[in-house]
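Below you'll find the structure, written out as structure tokens, and then a few comments.
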Amino acid sequence: MKKDNSIIWIRTHGKVFYDDNNEPTKLFGTLREITTEKRNEHQLIENEQKFRLLADSMPQQIWTANTEGVLDYYNHTVYEYTGHTTETLNPSNWLTIVHPDDRDENVFLWNKSIETGEDFIMEHRFLRHDGQFRWQLSRAIPQRDSKGKIQRWVGTSTDIQDQKMFLQELERQVKDRTKLLAEANLKLETSVEELQRMNEELQSFAYISSHDLQEPLRKIQIFSSRILDLEKDNLSKTGTEYFNRMQNSAHRMQVLIKDLLTYSRTNTSTRAFEKTDLNTVLDEVKIDLKELIKEHQVTIEVGNLCTVHIIPFQFIQLMNNLINNSIKFAKADVPPVIKIDSVIDKGSSFKLEQLVAEGEYCHIQVSDNGIGFDPQYSEQIFEVFERLHTRTAYEGTGIGLAIVKKIVENHDGYIFAKGEVNKGVTFNIYIPTEISTV
């Protein structure tokens with residue numbers, strides 16, 4: 001006890017000296033205050049007790065090791081998980097709870113961390129109390145003093161069996177899906193080869209249609225015309241009518257073959273785009289239809305037309321079909337008036353879900369003052385062989401507008417028609433101003 005009545009710790013060292021008769025003659029000693037050391041030791045013990053109290057209250061497996069890597073503490077969770085006791089699980093046999101297949105790697109990684117001072121981390125399997133091995137994620141970090149010297153290691157092990165099984169199941173599903181995708185790709189390749197073969201057959205059919213099928217039809221028309229010219233006096237009125245009907249049927253067949261060829265070529269033709277002024281396209285169409293326009297006293301009113309990237313010969317066919325359509329379905333005794341106009345704007349301004357909002361489009365409108373159609377048929381008119389009127393009322397094959405739609409689709413565009421009975425029809429066409437890179 002000091003003068004101020006405070007209690008301090010003293011460490012005493014002494015040595016006894018003896019005479020020749022081995023009798024103690026004198027004693028020398030030293031006294032050194034060790035209060036600070038004792039307080040630090042007491043604090044360390046308290047901290048160790050607090051650590052173990054905290055560790056024992058946690059559901060996670062916690063363990064510690066000394067600087068040599070020898071495990072010297074497990075919390076209660078370790079014993080509960082493994083079914084061991086403090087007697088059966090000790091520093092010398094901790095590897096017994098690790099799966100035999102994981103032990104060599106476990107020892108290698110643990111020794112490496114002890115030698116280098118690097119954090120230890122590993123996924124391995126522990127033997128649970130029910131005899132089941134379950135995956136764990138183990139980590140250990142070194143605890144260092146103020147000078148960076150390692151004092152001990154503190155580690156944790158977390159059961160990740162459920163996550164591991166989930167990942168394995170996910171990998172299995174990915175592997176299965178990959179296999180299915182490979183099989184689907186193989187089927188697709190087979191389908192593509194089959195499609196290519198069918199396209200080749202279609203090309204052969206197109207050749208036959210354009211040559212071998214049309215030749216007999218031409219002969220039917222030629223010979224029937226000669227018979228009518230040479231034998232008209234010998235034919236009855238009924239016989240003459242039959243020959244005329246035969247010529248008309250042959251003509252319709254020729255037109256049908258021509259339209260079918262046009263439709264097939266529209267599907268398979270090379271997409272050779274050119275920057276083209278639509279005024280140039282319309283001028284060529286007017287030249288092609290000059291006699292028809294004159295015969296039906298057609299008025300074509302042209303507004304501002306765009307310059308866009310198109311397939312020129314296909315767009316000539318498109319305009320030709322639309323103008324022909326307006327002439328064909330004109331009102332009786334009312335000269336056809338066809339208005340053609342266009343404007344360029346962003347897709348978003350047209351408020352159509354079929355257009356890309358940020359894309360730029362040329363909106364082409366072709367309208368007339370003809371008989372129009374019931375709005376319920378606005379989609380049907382673009383289908384192949386669909387007719388809203390009988391063949392006797394209006395000539396045609398029912399393919400013209402289907403060709404128009406296919407040409408618009410070839411340009412990555414969109415088309416729809418608006419009409420009312422006896423109020424004409426307006427075809428709205430939207431074509432991207434730039435060539436698609438997709």
Side-chain angles (χ1 to χ4, degrees), residues 37 39-176 178:
E37 295 178 19
R39 287 176 181 171
N40 290 340
E41 181 181 340
H42 182 69
Q43 185 67 40
L44 186 61
I45 292 173
E46 285 187 352
N47 290 341
E48 182 74 16
Q49 291 175 342
K50 289 179 181 179
F51 168 77
R52 297 197 176 200
L53 179 63
L54 178 63
D56 285 338
S57 66
M58 295 181 67
Q60 198 172 26
Q61 300 174 63
I62 299 175
W63 42 273
T64 63
N66 62 22
T67 55
E68 302 299 322
V70 177
L71 276 67
D72 54 16
Y73 167 75
Y74 307 100
N75 70 343
H76 286 319
T77 304
V78 173
Y79 296 117
E80 291 174 356
Y81 189 88
T82 62
H84 278 279
T85 64
T86 54
E87 289 76 22
T88 59
L89 183 63
N90 54 63
S92 63
N93 69 347
W94 63 271
L95 269 177
T96 58
I97 67 172
V98 179
H99 193 286
D101 294 344
D102 301 334
R103 289 175 186 173
D104 289 344
E105 183 182 6
N106 196 151
V107 172
F108 172 77
L109 293 177
W110 179 237
N111 289 335
K112 181 181 177 182
S113 293
I114 297 302
E115 293 172 4
T116 63
E118 296 176 354
D119 292 357
F120 169 80
I121 180 169
M122 182 183 181
E123 290 184 6
H124 48 179
R125 288 161 288 182
F126 283 1
L127 181 62
R128 200 169 63 174
H129 59 81
D130 58 1
Q132 179 184 3
F133 280 101
R134 293 177 63 86
W135 283 98
Q136 311 287 320
L137 173 62
S138 294
R139 298 173 181 269
I141 58 175
Q143 302 297 300
R144 304 176 186 270
D145 60 18
S146 59
K147 296 181 180 180
K149 185 178 180 180
I150 296 176
Q151 301 297 305
R152 65 191 303 100
W153 291 78
V154 177
T156 61
S157 295
T158 305
D159 189 307
I160 58 169
Q161 179 73 16
D162 293 340
Q163 297 93 314
K164 196 78 172 178
M165 293 301 99
F166 173 78
L167 289 176
Q168 289 180 358
E169 175 63 18
L170 187 61
E171 289 174 359
R172 185 192 65 78
Q173 291 184 12
V174 170
K175 188 178 295 184
D176 290 344
T178 302

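On a predicted model such as this, the values are computed, not experimentally measured, just so you know.
A pairwise comparison of heavy atoms in F126 and S138 identifies CZ-OG, 3.9 Å as the closest pair. Nearest heavy-atom pair, I121 versus R139, reported as atom, atom and distance to 0.1 Å: CD1-NH1, 3.3 Å. A pairwise comparison of heavy atoms in D119 and P142 identifies OD1-CD, 3.4 Å as the closest pair. Among all heavy-atom pairs drawn from T88 and N93, the shortest one is O-ND2, 2.7 Å. Considering every non-hydrogen atom in both I114 and G69, the closest pair reads CD1-CA, 3.5 Å. Between I97 and L89, the shortest heavy-atom contact is CG2-CD1, 4.3 Å.
At distances below 3.5 Å, not a single donor-acceptor pair connects side-chain atoms of N106 with backbone N or O atoms of L95. One N or O on the side chain of N75 and one on the backbone of Q60 form a donor-acceptor pair closer than 3.5 Å. A distance-only check finds a donor-acceptor pair linking the side chain of D102 to the backbone of R125 [under 3.5 Å].
Rounding to the nearest 0.5 Å gives a distance of 9.5 Å between OG1 of T86 and NE2 of H76. Here the CD-CG distance, from Q132 to D130, works out to 5.5 Å after rounding to the nearest 0.5 Å. Considering CD1 of I150 and OG1 of T67, their distance stands at 8.0 Å, rounded to 0.5 Å. Atoms CE and CZ, from M165 and R172 in turn, are 12.5 Å apart once rounded to the nearest 0.5 Å. The distance from atom CD of E171 to atom OG1 of T178, rounded to the nearest 0.5 Å, is 11.0 Å. To the nearest 0.5 Å, the span separating CZ on R103 from CH2 on W94 amounts to 10.0 Å.
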Apply ring pair (Phe, Tyr, Trp, His ring centres under 6.0 Å) to residues W110 and F120 and explain how you reach the verdict.
CA-CA 6 Å; W110 179 237; F120 169 80; 5.4 Å; yes
The test is ring pair (Phe, Tyr, Trp, His ring centres under 6.0 Å); show your working for Y79 and H84 and say whether it passes.
CA-CA 5 Å; Y79 296 117; H84 278 279; 8.2 Å; no
Test I160 against Q163 for side-chain contact (heavy atoms from CB on, under 4.5 Å), laying out the working first.
CA-CA 5 Å; I160 58 169; Q163 297 93 314; 4.1 Å; yes
Check step by step if side-chain contact (heavy atoms from CB on, under 4.5 Å) holds for T64 and D72.
CA-CA 6 Å; T64 63; D72 54 16; 2.6 Å; yes
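Salt bridge annotation for E115-K112: absent, with no cationic side-chain nitrogen under 4.0 angstrom from a carboxylate oxygen. A salt bridge does not link D145 to K147: none of the charged side-chain nitrogens sits closer than 4.0 Å to a carboxylate oxygen.
Other residues, nucleotides and ligands contribute only 12 or fewer heavy atoms inside 6.0 Å of the CG atom of D104. Residue E68 qualifies as open at atom CD: its count of foreign heavy atoms under 6.0 Å is 12 or below.
Side-chain contact, Q136 with Q161: no donor N or O sits under 3.5 Å from an acceptor N or O. A donor-acceptor pair shorter than 3.5 Å can be found between the side chains of S157 and W63.
For Y81, the ring pair (Phe, Tyr, Trp, His ring centres under 6.0 Å) test picks out no residue, with sequence neighbours left out. Taking E123 as the reference, K164 meet the salt bridge (charged side-chain N to carboxylate O under 4.0 Å, His left out) condition, with sequence neighbours excluded. Judged as a salt bridge (charged side-chain N to carboxylate O under 4.0 Å, His left out), and not counting sequence neighbours, the contacts of R134 are D159, D162.
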